[in-house]
Amino acid sequence: MDVRFRSIVLRSFAAECKESSEKGEKGENVLAHAFSPLSLPSPPATMHSIRSVLDDTTLTGTTVTVAGWVRTFRNDRFIALNDGSTVRNLQCVIDQEQVDEATRARLTTSAAVRCTGTIVESKGGGQRVEMQVSEVVVLGDSDGEKYPIQPKKHSLEFLRENAHLRFRTSTFSAVFRIRHQVSFGIHAYFDQHGYNYFHSPIITASDAEGAGEMFRVTALADTKGTDPAEDFFGRVTNLTVSGQLEAELAATALGKVYTFGPTFRAENSNTARHLAEFWMIEPEAAFMDIQGNMDLAEDLCKHLIARVLEKSMDDLQFLDGRLADEEKQKPQQQRSEMGLIDRLKFVLENPFERITYDQAIDILLRSKPYQKKQFQFPVEWGIDLQSEHERYLVEKHFNKPVIVTGYPAQIKAFYMRTNGPDDLGYSDKGPTVAAMDVLFPGIGEIIGGSQREERLDMLEARMAEMGVPTEQLWWYLDTRRFGTVPHAGFGLGLERFVQFVTGMGNIRDVIPFPRTPGNAEF
RNA sequence: UCCUCGGUAGCUCAGCUGGUUAGAGCACCUGACUGUUAAUCAGGGGGUCGCUGGUUCAAGUCCAGCCCGGGGAGCCA
């Protein structure tokens, strides 16, 4: 809605309230008024979504109205109409005697139209029902010569350059309906499990989180030679790279919390799995250890996959077919044996493999590619697992999601809990921490988390060791000074998860308007 | 940021070892079509071959620099 229009509606509503109260009406009447949609035009009773027309068998034989955008217009007679409610189109059949030639000429790709007609069983083979149109109104013309999206297969790169229109394609409408289901499912899952949705700040002053380069936030036109004390907040501020530290503060009072918001990284990353602006979900729970953390991560992933299978089957079927076509182009060796839907069901039905870093190194050292010297990077205890190593574990050795715990302390963040001899992931090869990475086939790291170091002396020692300034994080350390408890949490990359569920290969194709180095057009 | 591949019509791409007026399919325009499924058929318009410079009788094709994009790597979610 136009902002000015909305303010007018609000003002007139306020005026009505004033009037009502002046007339001495009861407060509840005013309230009832507030929730009635009087100020908005209601759709006609016969208006239906295309999804309901296609699925609701009781509508056959009735007259309904639908509105959407023309996908194709064939044989001067058949409109394939899509309104975004489903990936499927409604075939609207027009009678040439009822619709004049001038109107038919305006039924171009992506024109907005409203059709009224009777739902009948289709004479053609491609669909169960179709609409026998009695009236068609063009609501918005679309100049076919200038409209860039054609009824044919476009490259994803081309559609990325036309990101403002790509939602009108089957692929992208399917992806974004599924993104909605995943997002909504995350809130539903945590709500059902007693977690509080916690809004961690977007602008932060701490740059000690160690999660990468940050975007500076300033109200100054030029920061050169200016004391940060002169700036808006009186100090250096940045866009958040993680809400974790703040979530920990909340978890040590509310018990269970999760954040769900945008996160920013100013890394010069040019890959199919990195964005400068992405959405992250970070649950944090008091009295939860690394084992509980793994259980939560696995259960959440499976819950979300189950939800998408339940709510978005037609979108998944479309994406499954799209992926199968793509696979056909590849040489036989590179093809994956499972389709998208089979893959989702497989992940849902099988437990994630859980191994320690020690075991991971062991498996890699005994692997064929290692012995044939096919790995580009060395494998030895103490170094981080490279992409090729993670891929081997997930895609070759186990062929399912894998959770790796007990990484060497030196390669992980300061807040992770140091393992003792009785802890999971303890190693006699060197100090390890209660970190966990959830690795998914085709995507890599989808979740990174840990049990946090709750012991003040241990935490301070690690911060000193890693050069993290304790003065700046006095508020974080206070949680360890006053009623500290074991607690744990993780970060789930929304886009990476959506990539897995939709089978999209590039992360830029699962976020509406991707932000990457040199790219912020829309 | 590094490695690698690419940039030819609105889109997807062909154009061999330099050699006449640079091609195809789709899209678009005109016409045909009352059961099509990315409809089909006939005809038509449409190009500074990413940019700049160089080699050559001759450059889309070879060389150099720059710009942009894909894939891989690092950073991570």
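A, B, ... follow the sequence lines: proteins, then strands. Residue 1 opens every chain. Keep in mind that what you see is a predicted model, and the values were worked out from it rather than measured.
Pairing of G31(B), defined by two Watson-Crick or G-U wobble distances under 3.5 Å, is identified with C41(B). Checking A9(B) for Watson-Crick or G-U wobble geometry (two distances, each under 3.5 Å) identifies no partner in any strand. Base pairing analysis places G74(B) opposite nothing; no Watson-Crick or G-U wobble pair with both distances below 3.5 Å involves it. In this structure C66(B) sits in a base pair with G50(B), meeting the Watson-Crick or G-U test at under 3.5 Å.
Side-chain atoms of N270(A) come within donor-acceptor range of the base of U1(B), with a qualifying N/O pair under 3.5 Å. For U1(B), the base has no donor-acceptor partner in the side chain of E267(A) [N/O atoms by modelled type, under 3.5 angstrom]. Residue side chain R496(A) reaches the base of C76(B) through a donor-acceptor N/O pair under 3.5 Å, judged by distance alone.
Nucleotides U55(B) and G60(B) have their P atoms positioned 16 Å apart, rounded to a whole Å.
Ring-centre distance between H187(A) and Y258(A): below the 6.0 Å cut-off.
Toward the 5′ end of RNA chain B lies the nearest nucleotide of T72(A), the other residue of the pair T72(A) and M280(A) mapping further downstream.
A salt bridge is defined here as a Lys NZ or Arg NE, NH1 or NH2 lying under 4.0 Å from an Asp or Glu carboxylate O, and E495(A) with R273(A) fails to meet this definition. For D295(A) and R354(A), the salt-bridge test passes: some basic side-chain N is under 4.0 Å from an acidic carboxylate O.
In this structure, the separation between CD1 on I383(A) and CZ on F377(A) is 9.5 Å, given to the nearest 0.5 Å.
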